[in-house]
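Report on the following structure.
Predicted, not measured: the structure shown is a model, and the values here were computed from it.
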Amino acid sequence: MAIGEIVLGSFLQVLFDRLTSLGLEYAQREGINTALLDEWKGMLETINVVLEDAEDKQLGGNRLVKLWLDDVRGLAYDMEDLLDEFAIEATQVKSGAESSASRDQNLNSWKFFSWGQDGSSGSNLNSCSFETKAQEISGRLEKIVTRKARLTLRENAADISNYTNKRLPSTSLPETRFFGREKEEAELLEILIGEVGNSDAGLSIVPIVGMGGVGKTAMAQQLYNDPKMDSHFKRKAWVCVSDVFDVLDITKTILQSITNESCEGNDLNRLQVKLKDDLSGKKFLVVLDDVWNEKYGEWTSLLKPFEAGAKGSKIIITTRNHSVVSITGALPYSLKELSVDNCTDLLAYHALEVRNFERHPHLEIVGKKIAEKCRGLPLAAKILGGLLRNKENPDEWEAILNNRIWNVASAKNDEVLPALKLSYVHLPSYLKRCFTYCAVFPKDYEFERDELVLLWITEGFLDGRKAKENILRSGRKYFDELVSRSFFQQSNIDTSKFLMHDLLNDLAKSIADKTCFTYRESRVEESQVVSDEDDATFKEKARYASFVSQYVTSKSLRAYATMKVLRSLMLLTIQFNDEEGIFISGKVLHDLLTNLKYLRVLSLCHCNIVEVPNCVCDLKHLRYLNLSYTNIKRLPESIGALCKLQALILRGCQMLSMLPTSITKLVRLQFLDIRDTGSLKKMPLGMSNLKNIIIFPKFVVGPEKGSLLKELKNLQHLQGELFISELQKVEEVRDAVDANLFGKRGLSNLFLDWGEDFGNLHNGKCEELVLDSLRPHTNLERLSISHYGGARFPSWLDGLSYSKIVSLCLRDCPNVTWLPPLGQLPSLRELSLEGLHAISTLGPEFYGGKRPFSSLTTLKLEEMLAWKDWSHCVGGREEDVPFSRLQHLVVRSCHSLVGTLPGQLDLLKKLEIHSCPHLNNSTKVICLPSLRELYLKDCNKEILKIFANLTSLISLKIENLDELVCFDHGFTSYLVKLEKLYIKGCDKLNYLWQEGNETQNPTCLWYVGIDSCPQFTSFVAGEGKMELFCNLQKIELSNCASLEKLPSKLYTLRHLRIENCPKISRLITSQDDHSNNNSISQPEFLNMSECDSLISFPFAIAKSLGSLTIDRCENLISLPRCLHTLSHLTKLDIEKCPALEIENFPSLPITLVDLTLKFVPKMKSLPKEWHHLTSLQLIDTVGCENIKCLPEGGFPPNLLLFSIVACDNLKQPMREWGLPMLTSLTTLTIDGGCMGAEGDMVGFPSEEDDEDAWSLFFPSSLQLLGICNMRNMERLSNGLRNYLSSIEYLDISDCPKLRDLPEDGLPPSLQHLYIWNCENLKDRCSKDTGDYWPLIQEIPLIEIDSVRIQ
């Protein structure tokens, strides 16, 4: 069942406002009859009053009501588009953009609003389009009103309980099996009954928070029934609260549970008094399951009787809404999704009544795939397990996996996610449309908060807010509310981004229904599979669409071009590198946009375009244009015609050098994001015209009128970030005063820059006055001042006024001789001082008084050349110790600094000291008990002596530490928790641990890296047979010319990489050989590079090895004969071993997946019988010039990639290779010198241009084809287009005579064409001028001689 509800009420309210606005502001002023506007408004109001009931009925499955709501929705969209056109016309007239003659003409075109009941109107030709649309809308509106009467819908019905009350209430009884929550259960038990912090605690609230279906109730049931609870709490009660927070009912239920007596009557006072008496002095546990109440008064009313309980009493609440938690005043316990493994076990239990798939191995793979789709929701795993109950046929499981069951709209799945549907039902109306819009995003898409908020604003979702409200702040409030209700989750990869759980994404798509369309990586989203019969419906109804693919072709966009009423179109990046971006040809983009005239939102973010198509400026409805991270150099002047544009996003456009002068005509523009535009050095004249601008993060000062600093005066609504550069060009201090930064209350981040290349031309006195006048409002949170030439910082930068500043950066201000009392900034968390070359002392004036830097967590002091003295004394009292909360300290390139660090840095977790040679000149020892990371570079070894009590140290990184020979006993005694050790460039280092340090065994150490230490000989002096590194898993050794051996008995080592250690010759023995001191018995990864002493493998290799790489071992002459016994080996890589002679290649294990053989000139054969290697997928062979033929028996059957290049003695004809038999092969690179006579063909693959010839040489499965070094080839034969119809990447290199591409064209699937060193073809493919350009211009990415031409 589709939900189909789109919060039409809020949508129609926006329409009411626009009808009124248009009627009064434009029509009445021009003497236009507003009868039709009033008629529309009246009919919409009759619809609006029944929407609540209609939405409730269609939630209950009423299909007729759903269809009616769909039609109302479509009509509302079309009506808004028509009104928008009228408003655009009116705006153009009002702005005087048209002549008086055209103005009269346009007024005539508006006369359709005088069209009355009889259908009569003027006959002006220009009004025909408007009239036709108006009549059509009026007709549809009348039919909808007529149908409404037949549906018996109630007016102003706001009861959602008809849907929500269908849910079964929870009970206290636990699930029969509870999976994967051992850690969470233990933590919650500790909170509930642990002694820590509970001895004096009164009543405590323990909120368990998480999205619907994540297992909050199951967790509460598990805790409630734990045997420890019965002994700890004298009274227990369970209440399923659900939607209605009725204090009387909840009190009555609790009282009945505690007294085991029925409670009659509705006297709340009597009930609460009795409950209080029963709980008095007793320790109790109450569970309130599924709480939605956000009213503080009702919550406090419920709590009154519980205050009489004994200390340590607890109330558990489960909720999916952080707003519920906030009224309790308690800290939430967030319950996250289950792991895939636990979801798999849960699925197995409910499907097969077993704990795992051990007894059903034939179902394990498909079962895990189904579990993955549950995305950690136990509820989904449980329901799907029920659907598979006692079904052991793999086909039935595959059917569930591949079924559209993940479309929440399908009837079969209506019971799968009622919990998520309920979350949506409980949303306030103003949030429902905002959430539904997120259906436009594909699964796993990560978005920033303001990115989504701007889309909501420009789509008009916030238009109904109060006029005085800050629209950006309102949007952010909406977003934060959806986060608090678990609709959005913070990304684990980038904490500035958010995403939706897959099943919430499905929910949004089911609500949006056919108004939203998403196409991702050559497939439609699972929940939106489009059948032929649905295709026309999508074309007619789709309003919001996204496209996710790295390469965009006309073929893949075909469906979008027909969506004539589309409002939003976003080309998005996901699952590929943002830095590579999206490739789309200019022609394909132009052809698409010319068909989408109603676009309000267009996002081309990360598209590799160099110019903006002019047709973008014809999109007169456009409110939002995102060109961020593109390669554009300029915007067209015609962009000034986009009179509705509210948001222009140009972030990260590094090639953008100028903005068009017409941008100042965009008086509706509110958001102009030009962050990270390094080439943008100049502003258009007259930016002060943009009086409505809210986001404008960069202003470049210019010398002429119109680009002066005082242009900021009229921009009173600025919020967020502002970077002002080129301040050295300010000649009149009055300009800085007029800029009135103090009046811009919304600014939170301010960056002031005087120009890096200004040299010695600074006017220090003028700059001081300018900085004094640029005083920001005290709401400021982040401030940066750079390249400032004055000798002092402004007096306003003290600790009294700017109490909200959390980050301060003072960089490259070489003339400043003293610092203000920055220590008194009470909220300051991050302080960076860099390039302050005239500062010699940091002392009392820097601290400023009592408790300096009370909030500071990060301090960076860098390149302060004159800084000598760091006084740690504030006032002599213990409470005045500076940096009491410091966690990260960086001291870099302070060459004159003498002494030591502050003495009490008890919370410091990360310390970096670079190029401070005199910092160790003190006998004072620093205790750093919390330090986890230490990085020392370009210092003296004596600096190690100042550290004490490094018992929390996990990571130690040392570079270029003079005179360090080894660590002494004192230092190593602290390294009890050390996990990672990396040392580089220590020329005197001989070894790490001194002999006899067995008691200081670093038992936690799992990684050691040593690089460029030429005298490093061994890990431990006099090592003998001492077993030192008992948990070491990974060693990387590079450029250690003296190293001969590894530590003994590294039984836990898994990863070993050795590069340019020429004396290393003996490494590994097998598991069975424990007699050898160099025993590495369980390695999984071995990489040996530039080990010149390695001649052969005179030892057994452990069977656990999974990856073996041998690279640039000049003297290696043979491979181990035991390769076939390595039953875990998946990768073998042999490169640049000129002495390696292989007459008969050793047999390989059947587990091998990846085989690389490059530049092994004496190798005479490839692995024999490799057709038996069923796991082998990748073969890459280059520069093996003595290979004469391929192995008999054919290729490995499951090969995906095969490349053979520069094997000049391979003369076996290509048609004998058997490539067409490889139905899985997707990537092939061939060299004309390795193909026998066929490599000398003039026409390839057929001299006679036989189209079928392609089928004799290549499999039809190819997606990437590389052809190189065909010196005589002049043309490619016909048939490529038809036979290799899946080709996406075509690489043609070193074919100097080639000039003809196939006459029947290239495959339409082609995404990337690469041509290198093909002079004749290069000219014919030149952009715009080459005669092949019309043939290839739609290919998204074209590179010729490594230059990207499209």
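- Contact annotation: the side chain of Leu808 approaches that of Leu810 to within less than 4.5 Å [non-hydrogen atoms, C-beta and beyond].
- Judged by distance alone, the side chain of Ser1104 and the main-chain N or O of Pro1083 form a donor-acceptor pair under 3.5 Å.
- Side-chain atoms of Gln489 and Glu337 include a donor-acceptor pair closer than 3.5 Å.
- A donor-acceptor contact shorter than 3.5 Å is absent between the side chain of Ser915 and the backbone of Arg892.
- Using a cutoff of 4.0 Å between basic side-chain nitrogens and carboxylate oxygens, Glu979 and Lys977 are not scored as salt-bridged.
- The two atoms that bring Asn342 and Ser339 nearest to each other are ND2-OG, 3.0 Å, heavy atoms only.
- Side-chain polar atoms of Asp1092 and Asn1115 form no donor-acceptor pair below 3.5 angstrom.
- Of the possible polar contacts, one joining the Gln654 side chain to the Asp676 backbone as a donor-acceptor pair under 3.5 Å is found.
- The shortest non-hydrogen separation linking Arg782 to Ser807 is NH1-CB, 3.1 Å.
- Listed here is the closest heavy atom pair of Ser884 and Ser854: OG-O, 4.5 Å.
- Of the inter-residue distances, the one linking Asn1060 atom CG with Ser1038 atom OG reads 8.0 Å to the nearest 0.5 angstrom.
- Of the charged side-chain nitrogens involved, none lies within less than 4.0 Å of a carboxylate oxygen, so that Asp1111 and Lys1136 do not count as a salt-bridged pair.
- Counting heavy atoms from C-beta outward, Asp938 and His914 have side chains that stay 4.5 Å or more apart.
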### Query
So Glu1084 and Gln1033, side-chain hydrogen bond (donor to acceptor under 3.5 Å, both in side chains) or not? Walk me through it.
CA-CA 10 Å; Glu1084 296 172 1; Gln1033 297 180 31; over 6 Å; no
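- Distance check: Ser1089 OG to Leu1037 CG gives 12.0 Å after rounding to the nearest 0.5 Å.
- Within the model, atoms CG of Leu1108 and CD1 of Ile1134 stand 7.0 Å from one another, a figure rounded to the nearest 0.5 Å.
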### Query
Can Asn940 and Asp962 be said to form a side-chain hydrogen bond (donor to acceptor under 3.5 Å, both in side chains), step by step?
CA-CA 5 Å; Asn940 191 281; Asp962 289 345; 5.1 Å; no
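- Annotation for Trp867 and Asp869: closest pair NE1-O, 2.9 Å, computed over non-hydrogen atoms.
- Checked for salt-bridge contact, Asp502 and Lys443 miss the test: no charged N lies under 4.0 Å from a carboxylate O.
- Without hydrogens or angle criteria, His888 side chain to Leu859 main chain gives no donor-acceptor distance under 3.5 Å.
- Between Lys183 and Glu187 there is a salt bridge, since a side-chain N of the basic residue sits under 4.0 Å from a carboxylate O of the acidic one.
- The closest donor-acceptor contact from the side chain of Thr857 to the backbone of Arg829 lies under 3.5 Å.
- Considering CD1 of Ile1058 and SG of Cys1040, their distance stands at 10.0 Å, rounded to 0.5 Å.
- In this structure, Phe853 and Phe883 approach most closely via the heavy-atom pair CD1-CE2, 3.5 Å.
- Taken from CD1 in Ile926 to CG in Leu901, the straight-line distance is 4.0 Å, to the nearest 0.5 Å.
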### Query
What do the steps show when you test Asp341 against Thr344 for side-chain hydrogen bond (donor to acceptor under 3.5 Å, both in side chains), and what is the final call?
CA-CA 5 Å; Asp341 288 341; Thr344 304; 5.1 Å; no
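- Side-chain atoms of Ser827 never come within 3.5 Å of backbone atoms of Ile805 as a donor-acceptor pair (strictly under, hydrogens ignored).
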Under 3.5 Å, which donor-acceptor pairs link side chains of residues 980-987 to any protein atom two or more places apart or in another chain?
none

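- The closest donor-acceptor contact from the side chain of Asn1039 to the backbone of Pro1014 lies at 3.5 Å or more, if one exists at all.
- Residues Ile946 and Val925 are not in side-chain contact: their nearest non-hydrogen atoms beyond the backbone lie 4.5 Å or more apart.
- For the pair Ser952 (side chain) and Pro929 (backbone), a donor-acceptor distance under 3.5 Å is present.
- Smallest separation of non-hydrogen atoms from Asp345 and Asn356: OD1-CB, 3.6 Å.
- In this structure a side-chain-to-backbone donor-acceptor pair under 3.5 Å is present from Gln490 to Thr495.
- Here Arg1057 pairs with Glu1036 in a salt bridge; the nearest charged N to carboxylate O distance falls below 4.0 Å.
- Between Lys941 and Asp968, no side-chain nitrogen of the basic residue sits less than 4.0 Å from a carboxylate oxygen of the acidic one, so the salt-bridge criterion is not met.
- Formation of a donor-acceptor pair under 3.5 Å by the Tyr847 side chain with backbone atoms of Ser871 is found in this model.
- Heavy-atom contacts from other residues, nucleotides or ligands closer than 6.0 Å to CZ of Arg675 number more than 12.
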